Novice: 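To start, I am sharing the structure in question, which I have written as structure tokens.
In what follows, residues are counted from 1 in the order of the sequence shown. Keep in mind that the numbers below use all heavy atoms, side chains included, and drop hydrogens, waters and symmetry copies. Source: prediction; values computed, not measured.
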Amino acid sequence: MKILKDLLFLLLCGMFLCACTKNHEKTYKESRESLHTVVAITVVSDSSDKAKSAIDKAYHELDRLAKLLNFYSEHSEVSEINKNAGNKPVKVSVETFEIIEKALYASENTEGAFDITVGPVVKLWDFKNKVAPDADQIKEKSKIIGYKNILIDKKDSTVFLEKKGMQIDLGGIIKGYAADKAVEVLKSNGIKAGIVAAAGDIRTFGKRHDEGSWNVGIKNPRQKGSVDEIVAVVKLSGQAISTSGDYERFFEKNGIRYHHILDPKTGNPAYGCQSVTIVAKEAAITDAFATGIFVLGPKKGMGVLNKLGIDGIIIDKEGKVYITDGLKGSIELMIKDSTFA
Ligand code: ADP
Ligand code: MG
């Protein structure tokens with residue numbers, strides 16, 4: 001169901017472009033399941049064989065990274081790191097090391113609001129069966145959350161979780177990171193422009209064949225029906241964009257919305273925002289910061305974005321919209337004023 005919703009979202013965002021020609025160039029697109037969601041790849045190319053072969057290789061890269069970095073698989077490198085928490089450093093691949101480095105960069109710049117050591121608390125929440133853990137369980141597991149207890153050694157390419165029971169979960173950054181890597185694969189196979197869209201984590205590169213911008217829609221986080229409503233369209237030329245929202249994975253009980261973006265300080269869902277969209281060069285950064293800024297809330301979140309020179313749109317818990325100055329020229333709002341609900 002989630003996959004169908006994701007696909008519908010991408011369609012509504014106008015990401016599936018018509019395959020018209022200019023200078024023999026066409027737009028080719030494909031959607032497949034990977035990273036537990038629907039990933040759409042769009043490329044501009046003068047040859048269908050070249051496009052197809054590059055797209056196949058990009059999906060292969062996404063599947064490879066999904067396997068390597070899977071929090072829930074016994075055989076991933078992430079699992080190897082987690083199994084050795086409090087015991088010994090684990091030698092990891094370049095990619096595992098790199099994504100953890102990027103995650104730590106996001107932690108350091110969001111006062112730890114983005115923190116991949118939320119793993120043990122993430123596992124307590126069951127959104128499918130609508131089960132919230134009790135406060136004692138959360139309190140117990142929250143004790144071992146803390147990105148500062150991740151020790152990395154670049155020379156040896158090792159990662160060590162200092163405390164027993166610690167677990168890293170890369171769910172808040174993996175889709176963006178994998179989208180960046182898939183773009184690298186497309187580029188090295190001769191593709192000069194396109195999009196890799198892993199649900200709400202999207203990386204664009206190059207120019208559309210009609211020289212237009214790549215347009216990505218932002219959903220109304222409180223839409224009533226099942227058809228997606230777009231509240232804004234962001235025009236991109238080579239950047240990445242990610243949205244994190246409290247409507248992606250959630251359940252409601254006694255009027256409270258329990259969702260999957262957790263405040264590492266409490267182990268409970270963060271309640272300052274309905275959705276956060278980030279625009280930057282890399283999708284690993286937009287993915288991690290969308291999650292982290294969501295947890296920080298609108299005030300602190302805007303402060304971080306302005307300080308780092310990263311662009312974003314925050315829709316706070318009341319539906320008030322905040323937009324960074326850098327984005328004002330490339331965003332089209334579909335709502336009359338800056339508040340909707
Ligand atoms: P989505 O996966 O829906 O795109 P996010 O990118 O915001 O959403 O990632 C949410 C996922 O990240 C959660 O399902 C969980 O695995 C993990 N996570 C939850 N809270 C945090 C946090 N504060 N910091 C880092 N990762 C988190
Ligand atoms: Mg994220």
Novice: Only counting residues at least two apart or in another chain, list the ones meeting ring-ring contact (aromatic ring centres under 6.0 Å, His included) with Phe114.
Specialist: none
Novice: For the residue pair Glu74 and Ser79, confirm or rule out a side-chain donor-acceptor distance under 3.5 Å.
Specialist: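 No pair is found: no donor N or O on one side chain lies under 3.5 Å from an acceptor on the other.
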Novice: Is the closest basic N to carboxylate O distance between Asp126 and Lys130 below 4.0 Å?
Specialist: no
Novice: Are side-chain heavy atoms of Ile152 and Glu101 found at a separation under 4.5 Å?
Specialist: yes
Novice: Which heavy-atom pair separates Leu186 from Ile41 by the least distance, and what is that distance?
Specialist: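 Closest approach of Leu186 to Ile41, heavy atoms only: CD1-CG2, 4.0 Å.
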Novice: Taking 4.0 angstrom as the limit, do Asp134 and Lys139 come out as a salt bridge?
Specialist: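 No salt bridge links Asp134 with Lys139.
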Novice: With the threshold set at 4.0 Å, does a side-chain nitrogen-carboxylate oxygen contact exist between Glu282 and Arg203?
Specialist: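 Salt bridge absent between Glu282 and Arg203.
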Novice: Assess the residue pair Ile174 and Leu65 against the criterion (side chain to side chain contact (heavy atoms under 4.5 Å, CB included)); give the C-alpha distance rounded to whole Å, side-chain angles, the decisive distance to 0.1 Å, and a yes or no.
Specialist: CA-CA 8 Å; Ile174 185 171; Leu65 291 170; 5.7 Å; no
Novice: Determine, for Lys175 against Asp287, whether the closest basic-nitrogen to carboxylate-oxygen distance falls under 4.0 angstrom.
Specialist: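 Salt bridge absent between Lys175 and Asp287.
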Novice: Applying side chain to side chain contact (heavy atoms under 4.5 Å, CB included) to Phe251 and Lys128, what does each step give before you reach the verdict?
Specialist: CA-CA 8 Å; Phe251 61 91; Lys128 211 166 145 200; over 6 Å; no
Novice: Taking it one step at a time, do Asn215 and Lys235 satisfy side chain to side chain donor-acceptor pair (under 3.5 Å)?
Specialist: CA-CA 5 Å; Asn215 299 331; Lys235 295 179 193 135; over 6 Å; no
Novice: Starting from Val43, can I reach Val185 by hopping between I/L/V/M/F/W/Y residues whose side chains sit under 4.5 Å apart?
Specialist: no
Novice: Could you tell me whether Glu229 and Lys224 make a salt bridge, using a distance below 4.0 angstrom between a side-chain N and a carboxylate O?
Specialist: no
Novice: Okay, side chain of Thr37, backbone of Ala198: is any donor-acceptor separation there less than 3.5 Å?
Specialist: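 A pair under 3.5 Å: no.
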Novice: Salt-bridged, Lys91 to Asp153, with N to O below 4.0 Å?
Specialist: no
Novice: Centre of Tyr59's six-membered ring, under 6.0 Å away, within 45 degrees of the axis: is that where NZ or CZ of Lys57 sits?
Specialist: no
Novice: I'd like to know if the side chain of Gln274 reaches the main chain of Lys317, judged simply by a donor and an acceptor atom lying under 3.5 Å from each other, with no hydrogens or angles considered.
Specialist: yes
Novice: Please determine whether side chain to side chain contact (heavy atoms under 4.5 Å, CB included) holds for the pair Ile315 and Lys320, giving the CA-CA distance in whole Å, both sets of side-chain angles, and the decisive distance to 0.1 Å.
Specialist: CA-CA 5 Å; Ile315 302 177; Lys320 188 170 182 324; over 6 Å; no
Novice: The test is side chain to side chain contact (heavy atoms under 4.5 Å, CB included); show your working for Leu68 and Ser76 and say whether it passes.
Specialist: CA-CA 5 Å; Leu68 190 72; Ser76 67; 6.0 Å; no
Novice: With no hydrogens and no angle check, do the side chains of Ser34 and Asp63 hold a donor and an acceptor under 3.5 Å apart?
Specialist: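 Their side chains do contain a donor-acceptor pair, which is all the 3.5 Å distance test asks for.
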Novice: With no hydrogens and no angle check, just 3.5 Å: does a side-chain donor-acceptor pair link Glu77 and Ser93?
Specialist: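 Yes, because at least one side-chain N or O of Glu77 sits under 3.5 Å from a partner of the opposite role on Ser93.
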Novice: Can you tell whether the side chains of Asp210 and Arg208 come within less than 4.0 Å, N to carboxylate O?
Specialist: yes
Novice: May I ask whether Leu104 and Leu151 are part of the same hydrophobic cluster, defined by side-chain heavy atoms of I, L, V, M, F, W, Y residues being less than 4.5 angstrom apart, directly or through others?
Specialist: no
Novice: Under 4.0 Å between a side-chain nitrogen and a carboxylate oxygen: does that hold for Glu98 and Lys181?
Specialist: yes
Novice: With no hydrogens and no angle check, is any side-chain donor or acceptor of Ser53 less than 3.5 Å from a backbone partner on Lys50?
Specialist: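 Side chain of Ser53 to backbone of Lys50, a donor-acceptor pair under 3.5 Å: no, none is there.
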Novice: Sub-3.5 Å donor-acceptor pair from the side chain of Asp115 to the main-chain atoms of Tyr147, do we have one?
Specialist: yes
